[in-house]
Amino acid sequence: MGPPLPRSFYARDPRIVAPELLNKLIVVADGRAGRIVEVEAYCGSEDPAAHTYRGKTARNATMFGEAGHLYVYFSYGIHWCANTVCGEVGQGFGVLLRAIEPVQRLEAIQEARGLPRRAVDLGNGPGKLAQALGITGELNGADLVTVDRGVWVADDGIPPPAKPATTPRVGISKGREHPWRWHVLGNPYVSRAPRLPPANLTP
DNA sequence: GGTAAGATCAGC
DNA sequence: CTGATCTTACCA
């Protein structure tokens, strides 16, 4: 399946790392795995949409640590979301994993998601992705490079798309001007199709 | 100390 | 469109 990505892969600007994470595999301890088809970059103190914009808190501390660890946070009181920490220690940079195409242990993923689901609905969103792979707060801080808790990101030889689709990020109100969401163009497992520019209705 | 908003999702 | 209901920021 290929080795875990090295620390140096993550220790860069998340706007570089994010598109390169497309088509990599995220693998968890019990063998469930998915191909990453959608990501977003978050850029610390320079990014008002980032959890780390206003400095370190109990929740976001992992994101200020060493690159290559997993930052898992609890969202809207219901869902878990997973990020890879990027950049230098103290920057609070990371990449949110927003969608996967399930590729290994489909039955376990289906069971984790519950109810009959269309294949595309198994991992097409950050909360769904975490639920599909069983990622919860227990995995916050896991090292994707040393694989200390069984979670890692593998390169199985499929390269990132030469021209990934680039759009504004989903679900934020500040920082909308930055096109820091990337996805595999045309892949049916992404959470949202590219948003068309607003129609010009003025005469 | 209270309140509102949020990197979401499922079910009306 | 709404509810679920955790974390944080911000105001009093």
Side-chain angles (χ1 to χ4, degrees), chain A residues 10 13-19 21-22 26 34 36-65 67 69-87 91-102 109-142 144 151 153 164-184 188-195:
Chain A
Y10 299 101
D13 189 290
R15 290 157 288 196
I16 302 298
V17 175
L21 276 170
L22 294 176
I26 178 165
I36 298 166
V37 296
E38 178 183 344
V39 293
E40 287 176 355
Y42 286 89
C43 301
S45 62
E46 62 187 84
D47 179 5
H51 286 171
T52 47
Y53 181 58
R54 295 165 213 281
K56 190 186 278 191
T57 66
R59 177 170 75 156
N60 68 22
T62 299
M63 209 164 150
F64 283 100
H69 289 251
L70 195 68
Y71 165 50
V72 184
Y73 71 91
F74 201 39
S75 178
Y76 288 91
I78 300 189
H79 303 105
W80 297 100
C81 298
N83 304 249
T84 66
V85 179
C86 294
Q91 285 187 306
F93 286 179
V95 173
L96 172 67
L97 305 179
R98 282 197 55 92
I100 53 165
E101 174 178 345
I109 289 173
Q110 178 78 246
E111 181 180 354
R113 289 279 294 126
L115 301 177
R117 303 262 184 214
R118 297 179 304 162
V120 293
D121 290 325
L122 291 172
N124 58 349
K128 298 176 193 177
L129 180 158
Q131 187 179 34
L133 297 177
I135 294 173
T136 70
E138 293 185 358
L139 288 179
N140 182 38
L144 303 170
V151 198
V153 179
T166 307
T167 77
R169 293 170 291 180
V170 172
I172 57 168
S173 58
K174 301 170 200 161
R176 298 277 305 277
E177 68 276 22
H178 297 121
W180 291 346
R181 169 178 178 253
W182 291 265
H183 67 273
V184 179
Y189 293 84
V190 301
S191 70
R192 290 174 56 169
R195 192 177 157 196

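Order of the sequence lines fixes the chain letters, A, B, ..., with proteins taken first and strands second; residue numbering starts at 1 for each chain.
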Colleague: Find the distance A:Arg118:CZ to B:dA10:P and express it as a whole number of Å.
Modeller: 11 Å

Colleague: Which of the following nucleotides, C:dT8, B:dT8, C:dA9, is nearest to the side chain of A:Pro126?
Modeller: B:dT8

Colleague: Run through A:Glu38, A:Arg181, A:Arg192 and flag the one making a side chain to side chain donor-acceptor pair (under 3.5 Å) with A:Thr167.
Modeller: A:Arg181

Colleague: Just wondering, do A:Tyr73 and B:dA7 stack (centres under 5.5 Å, planes under 30°)?
Modeller: no

Colleague: Measure from the ring centre of A:Tyr76 to the centre of the six-membered ring in the base of B:dT8, then say whether that distance is under 5.5 Å and the planes meet at under 30°.
Modeller: yes

Colleague: Specify the closest pair of heavy atoms between A:Gly65 and A:Val85, including all atoms of both residues, with the distance to one decimal.
Modeller: O-CG1, 3.6 Å

Colleague: Going by side-chain contact (heavy atoms from CB on, under 4.5 Å), A:Ile100 matches just one of A:Asn124, A:Leu133, A:Leu122, A:Val37. Which one?
Modeller: A:Leu133

Colleague: Between A:Leu115 (CG) and B:dA10 (P), how many Å, whole number?
Modeller: 9 Å

Colleague: Considering non-hydrogen atoms only, spot the tightest contact between A:Gly137 and A:Val72 and give its length.
Modeller: N-CG1, 4.0 Å

Colleague: With a cut-off of less than 4.0 Å, is there a side-chain N or O of A:Ser173 near OP1 or OP2 of B:dA5?
Modeller: no

Colleague: Requiring both pairing distances under 3.5 angstrom, list the stems that contain DNA chain B and are made of three or more consecutive Watson-Crick or G-U pairs.
Modeller: B:1-6 with C:6-11, B:8-11 with C:1-4

Colleague: I want to check something: taking the side chain as every heavy atom from C-beta on, are A:Tyr71 and A:His51 in contact at a cut-off of under 4.5 Å?
Modeller: yes

Colleague: Decide, yes or no, whether a salt bridge links A:Asp47 with A:Arg15 under the criterion of side-chain N to carboxylate O below 4.0 Å.
Modeller: no

Colleague: How close or far is atom C1' of C:dA4 from atom CD1 of A:Ile78, stated in whole angstroms?
Modeller: 4 Å

Colleague: When the distance from NZ of A:Lys174 to P of C:dT8 is rounded to whole Å, what number comes out?
Modeller: 15 Å

Colleague: Mind calculating the distance between NE2 (A:His79) and C1' (B:dT8) to the nearest angstrom?
Modeller: 5 Å

Colleague: Send over the distance from A:Phe74 CZ to B:dC9 P, rounded to a whole Å.
Modeller: 13 Å

Colleague: Within this structure, what is the OH-to-C1' distance between A:Tyr53 and B:dG6, rounded to whole angstrom?
Modeller: 16 Å

Colleague: Please report, rounded to the nearest Å, how far the P atom of B:dA7 is from the CH2 atom of A:Trp182.
Modeller: 17 Å

Colleague: Are OP1 or OP2 of B:dG6 and a side-chain N or O of A:Ser75 less than 4.0 angstrom apart?
Modeller: no

Colleague: Does A:Arg113 have a side-chain nitrogen or oxygen under 4.0 Å from the phosphate oxygens OP1 or OP2 of B:dA10?
Modeller: yes

Colleague: Pick base, sugar-phosphate or nothing for A:Arg169, based on heavy-atom distances below 4.0 Å to the nucleic acid.
Modeller: nothing

Colleague: Check the phosphate of B:dT8 against A:Arg98, side-chain N and O only, distance under 4.0 Å to OP1 or OP2. Yes or no?
Modeller: yes

Colleague: Mind checking whether A:Phe74 and A:Trp80 have parallel, tilted or perpendicular rings, split at 30° and 60°?
Modeller: tilted

Colleague: What nucleotide, of C:dA9, B:dA10, B:dA7, holds the atom closest to the side chain of A:Lys128?
Modeller: B:dA10

Colleague: Without swapping roles, check the side chain of A:Arg113 against the backbone of A:Asp121 for a donor-acceptor pair under 3.5 Å.
Modeller: yes

Colleague: Select one nucleotide: of B:dT8, B:dG11, B:dA7, the one nearest the side-chain heavy atoms of A:Val170.
Modeller: B:dT8

